[in-house]
Colleague: 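One structure follows; several queries about it will come next.
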2 protein chains.
Amino acid sequence: MAKRPADPADDGAAAVRQVPMRDFSRSLPMSLLRAREAVMRQFRPSLREHGLTEQQWRILRALAAIDTVEVTELARTAFLLGPSLSRILRDLEARSLIERKTAKADQRRSMVSISEKGVKLMASVAPSSEAIYAEITRRFGARKLVELQEMLGELEQSLAGLGAGEEASAEE
Amino acid sequence: MAKRPADPADDGAAAVRQVPMRDFSRSLPMSLLRAREAVMRQFRPSLREHGLTEQQWRILRALAAIDTVEVTELARTAFLLGPSLSRILRDLEARSLIERKTAKADQRRSMVSISEKGVKLMASVAPSSEAIYAEITRRFGARKLVELQEMLGELEQSLAGLGAGEEASAEE
DNA sequence: CGAATATACTTAACATGTTAAGTTAATGCG
DNA sequence: CGCATTAACTTAACATGTTAAGTATATTCG
């Protein structure tokens, strides 16, 4: 209701005083940001104690499940952009948590896998991580959690292929 | 190879082979991250055309609604950490999009407000921004959107005061 | 075969996230 | 008043997000 046009023509003066747009703190991006932050705030301390960042942990988890993957595929799985992943892999490799070797068939591709050390590190973090997840589930409610995730998935689907610029329609 | 183990004691079989941990791509943090990214992907191009980042836009919106605020309060409103805000305000001030002046009562505080130029910039971005929001709402469904935001709010509430370290209980 | 393209990454550059330390201005209190 | 403490920011340092270039290897196709 009442979308609040943000009326540009409405002469600057008053525009600034009253509700300029949708209260803003109630916008979808903010809601998602705050919810995610509330969740991550629970995990960060534990990860930090083990010398891992959120993204590094994502990568290790993805690797543990897939065994061996190309960088591009890993980027998709861990939901990281190429450049970020590239840097992180360099660091994880330096710390011997992962291993990398170029594919024989295609010299451009490098196959990544978690190392023994990496597996051990994961094993030491997992319990705490699982406990936190369980506590979150308990507090919010298992059923609602499933429901929430379904809605998030639907939202994602709704917007799939909207701003990705499927070429052949943009002015650039 | 066979990266499986991650599981010292329990060779309990199924545990590790089937679901390494909760498929991971279906974890709550990932769901939230992907949903938010799907949404922000829609806005970024427009903001970018106007030379604004997501955070800068958040700050301008917050300022437009509040008129004048202290930095700390603004950080809470725009949901930004102090250091990030500090840097961004420096840049926005250099671009004359905001104004800053130290409070008379307390020299430590600096009061921030949006400038005329900032208001005009907002007016030029708002239409496009509103249109995008409307399209998202249309695609996902207005009712479901409200429902989703309520759940996100509840999630946030559920976790309020959990890992924040309310002192007097932590070991540090 | 060989130049133009496309792929798979990596670098670079700039902005923010995140935590810790530093600065300057209030406050509390003996 | 004078010093310790607190408060409000700002800087610093390191990691990631984001977009644009750069590199090296594959592929296409004339």
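Naming: A, B, ... by sequence-line order, numbering from 1 per chain. Just the heavy atoms: all of them, side chains too, but no hydrogens, waters or symmetry mates, feed the values below.
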Colleague: Atom CZ of Arg44(B) and atom C1' of dA15(C): how far apart are they, to the nearest Å?
Modeller: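 Roughly 12 Å, once rounded to whole Å.
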Colleague: Please pick, from dG17(D), dC9(C), dC9(D), the nucleotide with the shortest atom-to-atom distance to any side-chain atom of Arg109(A).
Modeller: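 Shortest atom-to-atom distance from the side chain points to dC9(C).
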Colleague: May I ask you to decide if Ser96(B)'s main-chain N or O and Ser115(B)'s side chain share a donor-acceptor pair within less than 3.5 Å?
Modeller: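 Present.
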Colleague: Out of dT18(C), dT18(D), dT16(C), which has the shortest distance to the side chain of Leu81(A)?
Modeller: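 Closest nucleotide among those given: dT18(D).
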Colleague: How many whole angstroms separate atom CE of Met40(A) from atom C1' of dT19(C)?
Modeller: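 Met40(A) atom CE is separated from dT19(C) atom C1' by 15 Å.
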Colleague: Look at the side-chain N and O atoms of Thr53(B) and state whether any lies under 4.0 Å from the OP1 or OP2 oxygen of dA15(C).
Modeller: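 Indeed not, no polar side-chain atom of Thr53(B) lies that close.
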Colleague: Without decimals, in angstroms, what is the distance between Arg87(B) CZ and dG17(C) C1'?
Modeller: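 Distance, rounded to whole Å: 7 Å.
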Colleague: May I have the distance from Leu74(A) (atom CG) to dC9(C) (atom P), rounded to whole angstrom?
Modeller: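 It works out to 10 Å between those atoms.
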Colleague: Once you round it to whole Å, what is the distance between C1' of dT7(C) and CD of Glu73(A)?
Modeller: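 From Glu73(A) CD to dT7(C) C1': 15 Å.
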Colleague: By the definition salt bridge (Lys or Arg N to Asp or Glu O under 4.0 Å), identify the one residue from Lys101(A), Arg100(A), Arg87(A) that meets it with Glu93(A).
Modeller: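 So, applying the salt bridge (Lys or Arg N to Asp or Glu O under 4.0 Å) to Glu93(A) and each of Lys101(A), Arg100(A), Arg87(A), only Arg100(A) qualifies.
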Colleague: Might you list the N or O atoms of the protein lying below 3.5 Å from N or O atoms in nucleotides 20-22 of chain D, with each pair's distance?
Modeller:
none

Colleague: Expressed as a whole number of angstroms, how long is the span from Trp57(A):CH2 to dA15(D):C1'?
Modeller: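 Rounding to the nearest Å, CH2 of Trp57(A) and C1' of dA15(D) are 19 Å apart.
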Colleague: Five pairs per end, C1' atoms only: what is the angle between the end axes of the helix from dC1(C)-dG30(D) to dG30(C)-dC1(D), to 10 degrees?
Modeller: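 Inter-axis angle at the termini of the helix from dC1(C)-dG30(D) to dG30(C)-dC1(D): 0°.
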Colleague: So, Ser124(A) side chain and Leu121(A) main chain: donor-acceptor pair closer than 3.5 Å or not?
Modeller: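 Flag set: sc Ser124(A) to bb Leu121(A) pair under 3.5 Å.
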Colleague: Would you say dG17(C) has OP1 or OP2 under 4.0 Å from some side-chain N or O of Gln55(B)?
Modeller: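 Yes, because at least one side-chain N or O of Gln55(B) sits under 4.0 Å from OP1 or OP2 of dG17(C).
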Colleague: Distance check needed: dA15(C) P versus Ile59(B) CD1, whole Å only.
Modeller: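 Roughly 13 Å, once rounded to whole Å.
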Colleague: So, is Thr72(A) near the phosphate of dC9(C), with a side-chain N or O under 4.0 Å from OP1 or OP2?
Modeller: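 Indeed, a polar side-chain atom of Thr72(A) lies that close.
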Colleague: Quick check for you: to the nearest 0.5 Å, what is the distance between Ile66(A) atom CD1 and Glu73(A) atom CD?
Modeller: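 One finds 5.5 Å between CD1 of Ile66(A) and CD of Glu73(A).
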Colleague: Let me spell it out: for each of Arg90(B) and Arg108(A), pick the nucleotide of DNA chain D with the closest heavy atom. Which residue's pick is nearer the 5' end?
Modeller: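 Residue closer to the 5' terminus by nearest nucleotide: Arg90(B).
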Colleague: Looking only at the side chains, is there a donor atom on one of Thr68(A) and Ser113(A) sitting less than 3.5 Å from an acceptor on the other?
Modeller: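 There is no such pair between these side chains.
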Colleague: Applying a 4.0 Å non-hydrogen cut-off, can you work out what Ser86(B) is touching in the nucleic acid: base, sugar-phosphate, or nothing?
Modeller: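 Ser86(B): base contact, heavy atoms under 4.0 Å.
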Colleague: With nearest nucleotide decided by heavy atoms, which residue, Gln107(A) or Leu85(A), maps closer to the 5′ end of DNA chain D?
Modeller: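 Closer to the 5' end of DNA chain D: Leu85(A).
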